[in-house]
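Heads up: the structure comes next, in structure tokens.
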Amino acid sequence: MSAVPRICWPWCGGSGQWSNRMGDNINVYGEHSESVGTSLIDVHGHFGRSAATGYTADAAALLTAMDRYDITTTLVMPQPDADRTTSEQVHAQILDAATRWPGRIAGIVNIDPRLREADYRQAAGALLAGAKFVAIKIHTHGFRVAPDEDACDKVFRLAADHGVPVMIHTGLGGPHTLPHRALAPASRYPAVPTVLCHAGFGAFCGEAIEVAHARPNVYLEPSWCPAFSVRQMVRRLGAHRVMFGSDHIENIPVELAKFDAVRLTPAERRQVFAATAAAVFPLTPVTEARPEVPA
């Protein structure tokens with residue numbers, strides 16, 4: 001018997017309850033810049049170096065990419081790192097960037113949830129208290145922990161205390177990353193928005209969709225998912241449950257091209273590109289003047 005709960009079986013078995021046919025109102029975009037008046041919020045960025053891929057990013061590189069692709073705001077987290085000194089340093093870099101460029105950069109807390117509760121609450125709570133960090137991440141792959149394990153319950157409790165969403169890495173890294181592992185905590189904390197990062201990472205997109213269908217407080221961020229899966233997310237759940245994320249700077253144009261291929265309506269595009277994130281995260285509006293990118 002499969003370990004995947006019954007909630008995921010209808011989708012995996014192809015119940016056919018949704019239609020893959022696009023509606024008649026099709027909007028075709030070329031470059032994002034052609035979408036006049038459409039804000040773009042990227043809810044998934046990183047500072048620091050990835051131990052898994054070697055990918056590295058900082059404020060200068062990110063702001064340059066944001067200007068190039070007309071991104072209004074990016075939510076940034078450290079790469080997962082069990083070394084507390086490195087984690088603290090990168091969180092400090094994000095805090096500095098969010099302070100220098102308010103509204104353009106906001107932070108996501110990404111601390112090892114396996115820490116003792118007192119240590120975790122002290123470190124994460126201090127970052128959330130300043131309003132520059134607007135979410136908490138459970139990096140299931142980086143810290144080898146599942147969101148339904150006891151160690152992660154404190155993450156949801158802290159998020160509830162501060163009124164911020166919980167973001168969860170899903171789909172790549174082992175059984176602890178499967179989307180259905182978010183179902184139990186999302187059910188226990190219905191007032192906490194829960195964002196499934198990567199929305200199953202391609203192979204488990206269907207499972208992520210079923211989890212979001214079962215829990216109205218679950219949202220999908222589909223970086224690295226195929227275009228047809230993103231179309232399924234919007235058609236099954238509605239654009240108000242899907243948000244744009246890139247994960248890597250080099251992946252920004254790829255994700256934008258993917259949404260061109262999905263051919264959302266103008267209203268759906270506005271929702272996915274900005275309105276969903278604006279409703280889920282406590283974001284600071286961007287000022288009129290755009291600050292210069294650091295040298």
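Since this is a predicted model, take the numbers as computed values, not measurements.
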Membership question, hydrophobic clusters at under 4.5 Å side-chain separation (ILVMFWY): are V272 and I41 in the same one? no
Set of residues satisfying salt bridge (charged side-chain N to carboxylate O under 4.0 Å, His left out) with respect to K132, sequence neighbours excluded: none
Does anything in residues 173-192 pair up under salt bridge (charged side-chain N to carboxylate O under 4.0 Å, His left out), and if so which pairs, sequence neighbours excluded? D148-R181, D153-R188
Under 3.5 Å donor-acceptor, D247 side chain and H44 backbone: no
Salt bridge check, E210 against R236: does any charged N sit closer than 4.0 Å to a carboxylate O? yes
Could you work out, with side chain to side chain contact (heavy atoms under 4.5 Å, CB included) as the rule, every residue matching E250, not counting sequence neighbours? Y55, H248
Applying side chain to side chain contact (heavy atoms under 4.5 Å, CB included), name anything that partners A212, two or more places apart in sequence or on another chain. V218, L220, L237, R241
Using the test side chain to side chain donor-acceptor pair (under 3.5 Å), find all partners of R215 that sit at least two apart in sequence or belong to another chain. N217
Under 3.5 Å donor-acceptor pairs involving side-chain atoms of residues 160-169, not counting sequence neighbours:
{"from": "D161", "atom 1": "OD2", "to": "R121", "atom 2": "NH2", "distance (Å)": "2.7"}
{"from": "H169", "atom 1": "NE2", "to": "L172", "atom 2": "O", "distance (Å)": "2.8"}

Can you list everything that forms a side chain to side chain donor-acceptor pair (under 3.5 Å) with K258? Sequence neighbours excluded, please. E255
Nearest 0.5 Å please: distance from the NE2 atom of H176 over to the OG1 atom of T170. 12.0 Å
Residues passing the side chain to side chain donor-acceptor pair (under 3.5 Å) test with S187, sequence neighbours excluded, are none
Return the set of residues passing side chain to side chain donor-acceptor pair (under 3.5 Å) with E117 (not counting sequence neighbours), or none when no residue passes. R157
With D58 via salt bridge (charged side-chain N to carboxylate O under 4.0 Å, His left out) - residues at least two apart: none
Between side-chain atoms of residues 274-282 and protein atoms elsewhere (two or more places apart, or another chain), which donor-acceptor pairs fall under 3.5 Å?
{"from": "T276", "atom 1": "OG1", "to": "A239", "atom 2": "O", "distance (Å)": "3.0"}
{"from": "T276", "atom 1": "OG1", "to": "V242", "atom 2": "O", "distance (Å)": "3.0"}
{"from": "T276", "atom 1": "OG1", "to": "Q271", "atom 2": "O", "distance (Å)": "3.1"}
{"from": "T276", "atom 1": "OG1", "to": "Q271", "atom 2": "NE2", "distance (Å)": "3.1"}

Of all pairs that satisfy side chain to side chain donor-acceptor pair (under 3.5 Å), the ones with a partner from residues 136-147, not counting sequence neighbours: none
